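What you are looking at is a predicted structure, and each value in this text was computed from that prediction instead of being measured. In this chain, numbering begins with 1 at the start of the sequence shown.
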Amino acid sequence: MDKIKMTTPLVEMDGDEMTRILWKMIKDELLLPFIDLKTEYYDLGLEYRDETGDQVTIDSALAAKKYGVAVKCATITPNAARMEEYNLKEMYKSPNGTIRAILDGTVFRAPIVVKGIEPTVKTWKKPITIARHAYGDVYKATDMKVPGAGKAELVFTAEDGTETRELIHEFDGPGILQGMHNLESSIESFAKSCFNYALETGQDLWFATKDTISKKYDHTFKDIFQEIFDAEYKEKFDEAGIEYFYTLIDDAVARVIRSDGGYIWACKNYDGDVMSDMVATAFGSLAMMTSVLVAPDGTTEYEAAHGTVQRHYYKHLKGEETSTNSVATIFAWSGALRKRGKLDNIPELVDFADKLEKATIATIEGGTMTKDLALITTLENVHAVNSEDFIKAIRAELEKELSK
């Protein structure tokens, strides 16, 4: 069969370690034989980021804004050990954080549901999507150790020099302080991304904070969401037959555990970080979790929710066999190809993305899977395979799907 033609490139952001190895396998086995793949390539591997002073990460984000759709491999956020291992010039920031800041995006994470990989929470029947605000709060906080007795104040100095002060605490001994912030413009972008994604996917949207305790900080999030919903989205939600509601974060947790899934749960930055890992693990595995960054202007970047699988990479370097789960990375590619196909009106590309996901799920449900899934599946007579053979098994299923 003729290869599917693309008209506009995807922005391709390559990454690190074992996921970089899988990235190439996926392209060679599952994409290039079937698609005349057009990408604008950026190497976000740690070595090249160091060589460019991390300019390549900025360039890749700007390219994503230009072309509208990007797909990203997992990358290393260096710590002190990585600084030494890679002999880096500096301890670079998280590439994901840099890209999110430039795109002003919201991260949507959802589990890939497969028969035989049963959720720990027995009531969950449909995926739960976590929408995580990706700016500010504890991730941009300033910390301070308090050495002894004294008074701590929150001070804001306006441009004209006017000061506003709020007492934090009068210490009678040592303690700790933390100052957090957020921006109304970023919260507005977060809200619009959530409402747009709910409409695009046809799912109800929940939003939860702790406004009863945080009567200015969290309450501002609540108010901005409600104002934007009432002004711009209420009628659209009514027409789509979906619902938006606000609830306290503790009430949301209780509702989530009792629910059957099938909705978007919007969270502040830290809540979203924690809850996305909880949902992923309860559904089965972080390697079975999609991650989509959506900007208010519609720019969309797809990636896996997990890291670079360092331990498997070291085994791979020694020539040892690995059994690394590539499902989330495959779904990053399928998501980006589907979005590109929809934007460019290429139904063949959309259909290919659908069939790639169907083939991946069919491979697992047919009993062929990587070792991490074999350890938790309820299926009988499973066949645990190595990293490469898993992708080749998916190709065999994909060829069946494409021949129908």
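Remark: Thr363 OG1 to Lys392 NZ distance equals 14.5 Å, nearest 0.5 Å. Of the inter-residue distances, the one linking Thr247 atom OG1 with Asp211 atom CG reads 9.5 Å to the nearest 0.5 angstrom. Atom NE2 of His316 and atom CZ of Arg20 lie 11.5 Å apart (nearest 0.5 Å). From Met6, atom CE reaches atom CD of Glu348 across 12.5 Å, with rounding to the nearest 0.5 Å. Distance check, rounded to the nearest 0.5 Å: OG of Ser291 to CD of Glu303 gives 4.0 Å. Summarising the geometry, atom CE belonging to Met278 is positioned 12.5 Å from atom CG belonging to Asp273; distances are rounded to the nearest 0.5 Å.
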Practice prompt. Mind running side-chain hydrogen bond (donor to acceptor under 3.5 Å, both in side chains) on Tyr217 and Thr209 for me, showing each step along the way?
Written response: CA-CA 10 Å; Tyr217 198 103; Thr209 69; over 6 Å; no
Practice prompt. Under the side-chain contact (heavy atoms from CB on, under 4.5 Å) rule, what do Val253 and Trp265 come out as? Steps first, then yes or no, please.
Written response: CA-CA 10 Å; Val253 170; Trp265 179 12; 4.0 Å; yes
Discussion item. Apply side-chain contact (heavy atoms from CB on, under 4.5 Å) to residues Leu373 and Met288 and explain how you reach the verdict.
Written reply: CA-CA 9 Å; Leu373 298 182; Met288 301 286 287; 4.0 Å; yes
Practice prompt. Could you check Gln178 against Met144 for side-chain contact (heavy atoms from CB on, under 4.5 Å), going step by step and ending with a plain yes or no?
Written response: CA-CA 6 Å; Gln178 185 177 78; Met144 180 187 296; over 6 Å; no
Discussion item. Between Thr129 and Tyr197, is the side-chain contact (heavy atoms from CB on, under 4.5 Å) condition met? List the steps.
Written reply: CA-CA 10 Å; Thr129 301; Tyr197 198 75; 4.2 Å; yes
Worksheet item: Where do Asp260 and Thr123 land on the side-chain hydrogen bond (donor to acceptor under 3.5 Å, both in side chains) test, with the steps shown first?
Response: CA-CA 5 Å; Asp260 63 355; Thr123 58; over 6 Å; no
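The aromatic rings of Trp23 and Trp333 are tilted relative to each other, their planes meeting at an angle between 30° and 60°.
Residues Glu401 and Lys355 are not paired through a salt bridge, judged by the lack of any N-O separation under 4.0 Å between the basic side chain and the carboxylate. Remark: Asp250 engages Lys210 in a salt bridge, criterion side-chain N to carboxylate O under 4.0 Å. We find that Glu85 and Arg82 are joined by a salt bridge, their nearest charged nitrogen and carboxylate oxygen being less than 4.0 Å apart. Using a 4.0 Å cut-off between charged nitrogen and carboxylate oxygen, Lys358 and Asp354 do not count as a salt-bridge pair. Using a cutoff of 4.0 Å between basic side-chain nitrogens and carboxylate oxygens, Glu399 and Arg395 are scored as salt-bridged. A salt bridge is absent between Lys89 and Glu51: the closest approach of a Lys/Arg side-chain nitrogen to an acidic carboxylate oxygen does not fall below 4.0 angstrom. Between Asp54 and Arg49 there is a salt bridge, since a side-chain N of the basic residue sits under 4.0 Å from a carboxylate O of the acidic one. Ionic pairing of Asp251 and Arg255 is present here: one or more N-O contacts between side-chain nitrogen and carboxylate oxygen are shorter than 4.0 angstrom.
Counting heavy-atom neighbours within 6.0 Å of Glu320 CD, excluding the residue itself, gives a total above 12. Shown here is Glu235, whose CD atom has no more than 12 heavy atoms of other residues, nucleotides or ligands within 6.0 Å.
Checked by atom type and distance alone, the side chain of Thr368 never pairs as donor or acceptor with a backbone atom of Ala384 at under 3.5 Å. Side-chain atoms of Ser334 never come within 3.5 Å of backbone atoms of Leu356 as a donor-acceptor pair (strictly under, hydrogens ignored). Between the Ser323 side chain and the Val385 main chain, a donor and an acceptor come within less than 3.5 Å of each other. Between the side chain of Ser186 and the backbone N or O of Asn182, no donor-acceptor pair lies under 3.5 Å.
Across every non-hydrogen atom of Gln203 and Gly262, the tightest pair is OE1-C, 3.6 Å. Scanning both residues, Leu44 and Thr57, for their nearest heavy atoms gives CG-OG1, 4.1 Å. Closest non-hydrogen pair, His219 versus Lys215, comes out as CB-O, 3.0 Å. Shown here for Met289 and Ile112, the closest heavy-atom pair between the two residues is N-CD1, 4.3 Å. Nearest heavy-atom pair, Ala64 versus Thr299, reported as atom, atom and distance to 0.1 Å: O-CG2, 3.4 Å. Closest heavy-atom contact between Ala362 and Glu397: CB-OE1, 4.0 Å.
Counting only heavy atoms from C-beta outward, the side chains of Ile330 and Ile394 approach each other to under 4.5 Å. Annotation: side chain of Val309 is not in contact with side chain of Tyr314 (no heavy-atom distance under 4.5 Å). At least one side-chain heavy atom of Lys268 sits less than 4.5 Å from a side-chain heavy atom of Asp218. For the pair Ile99/Ser60, a side-chain contact is recorded, criterion being any heavy-atom separation below 4.5 Å from C-beta on. Residues Lys72 and Val11 form no side-chain contact, since every pair of their non-hydrogen atoms from C-beta on lies 4.5 Å or further apart.
At a cut-off of 3.5 Å, with distance as the only test, a side-chain donor of Tyr41 or Asp14 sits close to an acceptor on the other residue. Asp223 and Thr220 form no side-chain donor-acceptor contact under 3.5 Å, judged by distance and modelled atom types alone. Inspection of the Gln310 and Thr308 side chains reveals no N or O donor paired with an N or O acceptor under 3.5 Å. Checking Asp50 against Tyr86 by side-chain atom types alone, no donor-acceptor pair falls below 3.5 Å. Judged by distance alone, the side chains of Thr8 and Asp344 do bring a donor and an acceptor atom under 3.5 Å apart. No hydrogens or angles considered: a donor-acceptor pair under 3.5 Å links the side chains of Ser387 and Thr322. No side-chain donor from either of Asp16 and Tyr313 sits under 3.5 Å from a side-chain acceptor of the other. In summary, the side chains of Glu40 and Tyr67 do present a donor paired with an acceptor at a separation below 3.5 Å, with no hydrogens or angles considered. One side chain, Asn196 or Tyr233, offers a donor N or O that lies under 3.5 Å from an acceptor on the other.
Across Arg311, Glu388, Lys315, His312, a single residue satisfies side chain to side chain donor-acceptor pair (under 3.5 Å) together with Thr324, and that is His312. Checked options Phe195, Phe237, Tyr263; the residue passing with Tyr244 is Phe195 (criterion: ring pair (Phe, Tyr, Trp, His ring centres under 6.0 Å)). Of the options Thr300, Thr106, Leu103, Asn96, a side-chain contact (heavy atoms from CB on, under 4.5 Å) to Leu293 is made by Leu103 and by none of the others.
Judged as a ring-ring contact (aromatic ring centres under 6.0 Å, His included), the pairs with a partner in residues 116-144 (not counting sequence neighbours) are, in order, Trp124-Phe283, His133-Phe190, His133-Phe221, Tyr135-His181.
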Please tabulate, one pair per line, all N/O donor-acceptor pairs under 3.5 Å involving side-chain atoms of residues 165-173, not counting sequence neighbours.
unit_1, atom_1, unit_2, atom_2, d
Arg165, NE, Glu163, OE1, 3.2
Arg165, NH1, Glu153, OE1, 2.6
Arg165, NH2, Glu163, OE1, 3.1

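Residues passing the salt bridge (Lys or Arg N to Asp or Glu O under 4.0 Å) test with Lys234, sequence neighbours excluded: Asp238.
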